[in-house]
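Take a look at the structure set out below.
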Amino acid sequence: MGVLQTAKGIRVITTIGEIKEVITKVKRQGKTIGFVPTMGYLHEGHLTLMRKAAAKTDFVVASIFVNPLQFGVGEDFEEYPRDLERDVRLAESAGVSLIFAPGVAEMYPDGYGTTVEVTRLTDRLCGRSRPGHFRGVTTVVTKLFNIIEPDIAFFGQKDAQQAVVLRKMAADLNMNLEIEIVPIVREPDGLAMSSRNKYLDPEERKAALVLSKALLLAKNLINSGARNTADLKREVTGFIGREPKARIDYVDILSFPGLEEIENVSGQVIIALAVFIGDTRLIDNVVLEVD
Ligand code: AMP
């Protein structure tokens with residue numbers, strides 16, 4: 001099965017050959033292509049990227065692919081939530097023209113042997129906790145860029161390190177496209193939207209607020225004059241530690257977008273967190289401009 005079509009006309013293509021044919025036709029018409037890569041189970045964060053893409057480009061492609069290469073051993077590749085039918089409806093309502101939803105064998109056929117790796121920026125934060133994760137991301141995104149040939153690709157600030165790594169990859173490899181980063185979309189109570197929020201039971205859902213609250217605490221401390229990163233990290237770690245369902249993976253404060261270690265916050269900095277709530281690993285961050 002290569003092509004599905006909904007009543008309203010959005011197409012779902014599962015093979016690289018067929019999507020390349022469509023892309024060639026769209027380009028021949030002189031249309032610009034916007035691209036939103038996702039792992040599906042769409043939420044308002046993804047839809048915001050898609051609406052932005054629809055506002056800025058003529059033809060929006062979204063990919064839905066749970067990429068095994070970016071999951072480590074013991075991570076949630078198998079359990080990752082999937083619901084293509086619902087995703088297609090939501091993407092269509094957000095202005096997407098075409099969905100690319102390949103299977104694993106289409107992207108990584110037998111004998112597949114090439115990876116793409118960004119160094120240095122990937123050896124900290126999530127790169128340290130999830131070895132090989134960013135190699136999986138940069139490899140699949142390179143393949144998707146080569147297949148879709150977008151003019152602009154849209155990514156979320158929710159995955160701030162991913163955004164920085166992909167911009168570096170695109171610059172270093174002279175990729176012919178723009179990368180646009182879209183701010184984090186949050187639930188009304190502050191929790192950053194994520195497909196993984198589905199894993200949280202009601203008690204964990206409440207406990208998960210500790211991430212956004214911890215970022216707010218750090219922001220308030222900085223606004224009232226705190227500058228030393230070690231002190232700030234200690235405060236934030238202590239705050240999260242008081243939530244019994246939380247287990248810290250990392251709390252870090254780095255320069256942004258360089259992701260360098262800093263002794264004191266000044267200029268543009270990122271406060272980034274990864275915290276397990278029960279078995280669910282959640283990430284969140286805030287970028288601040290500090291005098
Ligand atoms: P994912 O399906 O989790 O791989 O995410 C696909 C894209 O959506 C990535 O560029 C994410 O950074 C972005 N994204 C996910 N959650 C959010 C959010 N809450 N706000 C903004 N962008 C998001």
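Note that the structure is a prediction, hence the values are computed from the model and not measured. In each ligand, atom 1 is the first atom listed, and ligand 1 is the first ligand listed.
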Identify all pairs of nitrogen or oxygen atoms, one from ligand 1 and one from the protein, separated by less than 3.5 Å, and list them with distances.
{"from": "ligand 1", "atom 1": "2 (O)", "to": "Met39", "atom 2": "N", "distance (Å)": "2.9"}
{"from": "ligand 1", "atom 1": "2 (O)", "to": "His46", "atom 2": "NE2", "distance (Å)": "2.8"}
{"from": "ligand 1", "atom 1": "5 (O)", "to": "His46", "atom 2": "NE2", "distance (Å)": "3.4"}
{"from": "ligand 1", "atom 1": "10 (O)", "to": "Gly156", "atom 2": "N", "distance (Å)": "2.9"}
{"from": "ligand 1", "atom 1": "12 (O)", "to": "Gly156", "atom 2": "N", "distance (Å)": "3.2"}
{"from": "ligand 1", "atom 1": "12 (O)", "to": "Gly156", "atom 2": "O", "distance (Å)": "3.2"}
{"from": "ligand 1", "atom 1": "12 (O)", "to": "Asp159", "atom 2": "OD2", "distance (Å)": "2.6"}
{"from": "ligand 1", "atom 1": "16 (N)", "to": "Met193", "atom 2": "O", "distance (Å)": "3.4"}
{"from": "ligand 1", "atom 1": "19 (N)", "to": "Val185", "atom 2": "O", "distance (Å)": "2.9"}
{"from": "ligand 1", "atom 1": "19 (N)", "to": "Met193", "atom 2": "N", "distance (Å)": "3.4"}
{"from": "ligand 1", "atom 1": "19 (N)", "to": "Met193", "atom 2": "O", "distance (Å)": "2.9"}
{"from": "ligand 1", "atom 1": "20 (N)", "to": "Val185", "atom 2": "N", "distance (Å)": "2.8"}

Point to revise | Ionic contact status for Glu260 with Arg120, cut-off 4.0 Å | key: yes

Check your understanding: Hey, are Ser212 and Asp284 close enough side-chain-wise for a donor-acceptor pair under 3.5 Å?
Key -> no

Exercise for review: Please work out whether the ring planes of Phe65 and Tyr108 are parallel, tilted or perpendicular, with thresholds of 30° and 60°.
Suggested key: tilted

Exercise for review: Report yes or no: is the cationic atom of Arg86 (NZ for Lys, CZ for Arg) under 6.0 Å from the centre of the six-membered ring of Tyr41, at an angle within 45° of the ring normal?
Suggested key: yes

Review point. Is NZ or CZ of Arg82 both nearer than 6.0 Å to the six-membered ring centre of Phe77 and within 45° of the ring axis?
Key: yes

Exercise for review: Kindly determine whether Glu204 and Lys245 satisfy salt bridge (Lys or Arg N to Asp or Glu O under 4.0 Å), including the steps that lead there.
Suggested key: CA-CA 7 Å; Glu204 291 170 339; Lys245 291 188 184 298; 5.8 Å; no

